[in-house]
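Below: the structure, in structure tokens.
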Amino acid sequence: MIFELTEEQKLLRQMVRDFAEAEIAPGVEARDEEERFDRELMYDKLGELGLTGIVFPEQYGGAEADYISYAIAVEELSRVCASTGVTLSAHLSLGANPIYLFGTEEQMQTFLKPLAEGSKMGAFGLTENSAGSDAGGTKTTAVRDGDDWIINGSKIFCTNGGDAEIYIIFARTDKNAQKHHGISAFIIEKDTPGFSFGKKEKKLGIRASPTMELVFENCRIPAGNLLGEEGEGFKVAMKTLDGGRIGIAAQALGIAQGALDAAIGYAKERKQFDKPISSFQAIQFKLADMATEIEAARLLVYQAAYRASAGLSYGQQSAMAKMYASDVAMRVTNEAVQIFGGYGYTREYPVERMMRDAKITQIYEGTNEVQRIVISAALVK
Amino acid sequence: MNLDLTEEQKLIQDTAREFATAELAPVAGELDRGGDQKIFFANLKKLAELGFMGLNVSEEYGGTEAGVIAFSVALTEVARACASTAVTLSVNNMVCEIIQAVGSEAQRQLYIPKICSGEYLAGAFALTESGAGSDPAGMTTTAVQDGDHWVLNGSKIFITSAPYAGVFVVWAVTDKSAPKGKGISCFLVEQHTPGLVIGKKEEKLGQHASATNELLFQNCCIPKDALMGKLNDGFRVAVGELAGGRIGIGSLALGVGLAAMDAASAYSVERKQFGRKIAEFQAIQWKLADCYTDLDAARLLLMNAAFKKEQGRSFGKEASMAKLFASEAANRACYEAMQIFGGYGYTCEFPIERYARDARICSIYEGTSEIQRLIIARDILRGFS
Ligand SMILES: Cc1cc2nc3c(=O)[nH]c(=O)nc-3n(C[C@H](O)[C@H](O)[C@H](O)COP(=O)(O)OP(=O)(O)OC[C@H]3O[C@@H](n4cnc5c(N)ncnc54)[C@H](O)[C@@H]3O)c2cc1C
Ligand SMILES: Cc1cc2nc3c(=O)[nH]c(=O)nc-3n(C[C@H](O)[C@H](O)[C@H](O)COP(=O)(O)OP(=O)(O)OC[C@H]3O[C@@H](n4cnc5c(N)ncnc54)[C@H](O)[C@@H]3O)c2cc1C
């Protein structure tokens with residue numbers, strides 16, 4: 001075992017960190033406050049840096065790096081701005097990766113390439129009003145009509161929704177089939193007639209990342225946009241989410257690291273009782289616990305990423321990484337607010353935002369209860 | 001031991017609950033989003049009319065004389081609906097109690113009835129400074145005697161209700177050469193006093209309807225008899241009175257935690273996934289069981305502290321334990337409630353995210369959780385040395 005990043009991975013970390021600090025950090029509060037997604041800054045520039053297709057082969061516009069590099073990129077972006085982190089994660093893991101995993105050569109050239117190159121952005125619409133944890137409860141339908149599919153229904157909570165150009169959508173193609181077997185995956189482009197955007201959610205955190213309702217009203221798409229086999233959509237979704245969890249775990253890790261860094265800086269500066277508060281054991285031990293948990297989370301995240309790149313099974317590991325890292329992000333950001341005292345409760349310091357951002361990592365891409373279901377199912381099968 | 005509320009306490013609890021449900025809950029979300037402050041003020045006035053601004057204050061000064069337990073249960077009910085209203089209530093009660101405890105007869109007559117009746121929307125408690133939070137004795141605001149006046153200079157931060165408080169209880173250094181904490185005195189400063197400037201309003205995570213401002217004293221001149229209590233004895237007063245305030249904040253936290261869990265319980269029997277109510281999953285049942293157990297323990301700790309205070313016994317450690325436990329339990333409950341709501345809980349369409357934001361301050365103000373632990377440990381160790 002080698003517990004050391006490669007030179008390339010280290011260089012990548014430095015590059016993304018420098019970029020995030022120099023370009024993403026300024027305005028992060030304002031974008032949060034105004035719920036503003038800055039496409040150019042939070043996405044287009046990631047494309048210029050080669051991050052939007054970091055794990056894909058060069059022939060499809062990618063950078064051919066490994067999943068650890070991807071995790072590092074999401075981590076470093078999230079350390080500064082969790083909304084930017086999830087933009088990349090939702091685009092790459094959820095929008096682009098299913099095309100790479102299940103797409104035809106033609107679909108890869110048409111859809112994956114521009115996504116990987118960063119000229120287009122991806123999104124993923126699985127969740128519906130009454131089908132969240134239970135994605136098999138999908139009600140959106142796709143009906144074959146000659147050379148087309150006609151989609152009807154709606155999706156909620158779609159990250160990058162409204163701004164993305166390419167959407168992976170799940171719809172029921174066989175009403176009679178057993179719950180999980182009648183669902184298929186489709187690639188749908190923005191501006192397709194019959195495809196519109198509904199409500200944009202107002203949220204506790206990751207407010208610079210849009211969360212949109214997608215509405216399909218007799219939306220007609222060519223048969224060639226079916227992704228994977230007909231009826232195999234549920235499998236597409238689950239495989240995609242296995243990888244997506246690495247992204248969210250990395251996002252959580254980055255948020256936690258950002259909060260720890262801020263807390264350390266503050267604890268060394270802030271004086272009470274004529275001493276820096278970092279001289280109190282209460283604060284020292286908090287920092288020690290936070291750092292230890294972050295390190296454990298990082299190892300779980302990199303392990304899942306390593307296995308994904310090495311061609312090993314990684315569903316259970318990515319579930320563990322996502323669950324643990326998100327719990328750590330919550331604990332660490334909460335403690336960071338505590339270390340900042342009353343100041344931590346104000347918008348003047350970044351920790352309240354980090355705490356608001358952290359909470360979603362326990363919920364999306366499978367709640368942590370669902371991760372436990374995934375993990376325990378693998379254990380007792 | 002009798003763990004039941006008295007008839008009077010129950011009546012107050014019911015009154016608070018009815019008012020909170022009818023008047024506060026419907027507007028709390030709107031006020032959080034920056035809604036019309038007039039509504040907030042109108043509700044404070046109505047609460048004053050109901051006798052909730054001086055629950056543990058003598059009738060002689062317009063108080064209700066209902067006791068500390070009644071205060072605690074009333075605050076919890078108000079906080080279930082609106083934490084911003086509850087914190088205002090808590091501070092108002094605390095200010096009345098301080099004035100009753102250490103003020104002169106003239107000061108009591110002058111100020112307490114105004115707060116109790118709602119003539120003053122609020123009273124304020126001005127202790128914290130930018131460099132003196134957990135360590136308030138490190139304050140640098142000064143009061144210097146000048147003939148028939150005291151002249152205040154310096155600044156305070158994070159003062160709840162500052163823009164609409166009628167009277168401020170202000171601590172300032174009156175003897176710079178005294179050992180730390182021994183040269184501080186307490187004053188009553190009226191709103192609109194020249195030299196008293198309401199400074200920057202904090203943009204906060206939660207409790208948005210309750211204003212939190214900086215206070216500046218720029219050669220602020222107050223009469224000689226604005227001194228409250230004995231000269232240079234102010235720090236002891238602050239420390240003593242904060243213990244009572246902690247029962248208020250703990251009760252507030254409990255209310256928010258209960259609101260979150262009640263909402264989550266209701267949601268869990270409505271929401272279906274996998275063809276079942278999510279309440280049928282053990283994962284959800286366990287969360288409910290743990291959080292309600294925590295919150296009930298918090299309630300009992302609060303009742304114990306309130307009871308001791310009501311009996312005139314020492315209650316500092318008990319109040320700290322109750323505040324520590326209740327505020328942390330409320331935080332956990334809010335986040336578990338959000339988890340039970342899934343993605344919906346993260347959106348502003350449901351009140352859960354507001355509850356979580358409102359609860360978070362409870363383990364920080366009126367002494368952080370670390371300071372509560374310090375107080376509790378000191379008290380325990382005193383018995384062993
Ligand atoms: C900001 C944001 C961005 C999102 N982005 C996307 C996106 O890009 N694409 C997309 O498709 N979706 C997205 N989602 C949706 C997200 O993945 C879902 O919210 C999540 O899967 C949970 O579903 P739900 O909200 O319906 O909760 P529910 O499934 O209703 O869950 C409610 C509660 O019940 C628990 N529960 C459910 N079933 C079980 C069980 N069997 N055992 C134990 N407990 C259970 C859950 O853990 C949770 O605590 C996003 C959501 C948000 C808030
Ligand atoms: C919304 C809001 C309303 C408020 N309302 C009022 C009000 O009406 N009146 C008023 O006077 N004040 C008010 N406050 C101030 C509040 O009481 C203080 O913020 C609080 O006491 C903590 O002080 P601080 O913010 O300076 O944190 P600090 O004292 O700087 O604490 C920073 C961290 O160090 C820890 N720490 C400090 N000392 C020790 C120690 N010895 N051992 C271990 N850990 C330690 C703390 O626990 C905390 O984690 C309010 C604050 C807020 C945010």
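Predicted model only: the values in this text are computed from it and were never measured. So you know, we letter chains A, B, ... as the sequences are listed, proteins then strands, and number each from 1.
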Interface residues of [range] facing chain B - non-hydrogen atoms under 4.5 Å apart:
range                       : answer
residues 273-284 of chain A : A:F273, A:D274, A:A282
residues 350-366 of chain A : A:E352, A:M355, A:R356, A:D357, A:K359, A:I360, A:Q362, A:I363
residues 204-215 of chain A : A:L204, A:G205, A:I206

Under 4.5 Å from any heavy atom of chain A, what part of [X] do you find: side chain, backbone, both or neither?
X      : value
B:I284 : neither
B:K272 : backbone
B:S130 : both
B:A356 : neither

As an exercise: rank [options] by heavy-atom pairs under 4.5 Å with chain B and give me the winner.
options                        : result
A:M330, A:Q338, A:K286         : A:Q338
A:T127, A:N368, A:I156, A:N129 : A:N129
A:T367, A:V337, A:I373         : A:V337

Does atom NZ (A:K202) have a neighbourhood of more than 12 heavy atoms from anything else shown, all under 6.0 Å?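 No, the 6.0 Å shell around NZ holds no more than 12 heavy atoms from other groups.
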Does a sphere of radius 6.0 Å around NZ in A:K139 hold more than 12 heavy atoms from other residues, nucleotides or ligands, not counting ones at 6.0 Å or beyond?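 Count not over threshold, so no.
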What option among [options] has the most heavy-atom pairs under 4.5 Å with chain A?
options                        : answer
B:Q273, B:E203, B:R357, B:E349 : B:Q273
B:F274, B:Y346, B:F281         : B:Y346
B:A283, B:G138, B:S369, B:G343 : B:G343

Ion pair present between A:E348 and B:K200, side-chain N to carboxylate O less than 4.0 angstrom?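 B:K200 and A:E348: salt-bridged.
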Is the shortest side-chain N to carboxylate O distance from B:K287 to A:E369 below 4.0 Å?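 A salt bridge is present here (some side-chain N lies under 4.0 Å from a carboxylate O).
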Begin with the C-alpha distance, continue with both residues' side-chain angles, and end with the deciding distance and a verdict on side-chain contact (heavy atoms from CB on, under 4.5 Å) for B:I157 and A:Y343. CA-CA 10 Å; B:I157 53 161; A:Y343 295 92; 3.0 Å; yes
B:E202 side-chain N/O to A:T346 backbone N/O, donor-acceptor pair under 3.5 Å: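 No, B:E202 side chain to A:T346 backbone: no donor-acceptor pair under 3.5 Å.
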Is the side chain of A:Q272 donor-acceptor paired with the backbone N or O of B:S134 at a distance under 3.5 Å, no angle test?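 Such a contact is found between A:Q272 side chain and B:S134 backbone.
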Under 4.5 Å between any side-chain heavy atoms of A:K271 and B:D135, yes or no?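 Not touching, per the 4.5 Å side-chain cut-off.
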Got a second to check how far A:E201's CD is from B:T347's OG1, nearest 0.5 Å?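 Result: 5.0 Å between the selected atoms.
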Are B:F158 and A:Y345 close enough that their ring centres sit under 6.0 Å apart?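 No, ring centres 6.0 Å or more apart.
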I need the contact set between residues 323-341 of chain B and chain A: heavy-atom distance under 4.5 Å, sorted by residue number.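 Within residues 323-341 of chain B, the residues under 4.5 Å from chain A are B:Y335, B:M338, B:Q339.
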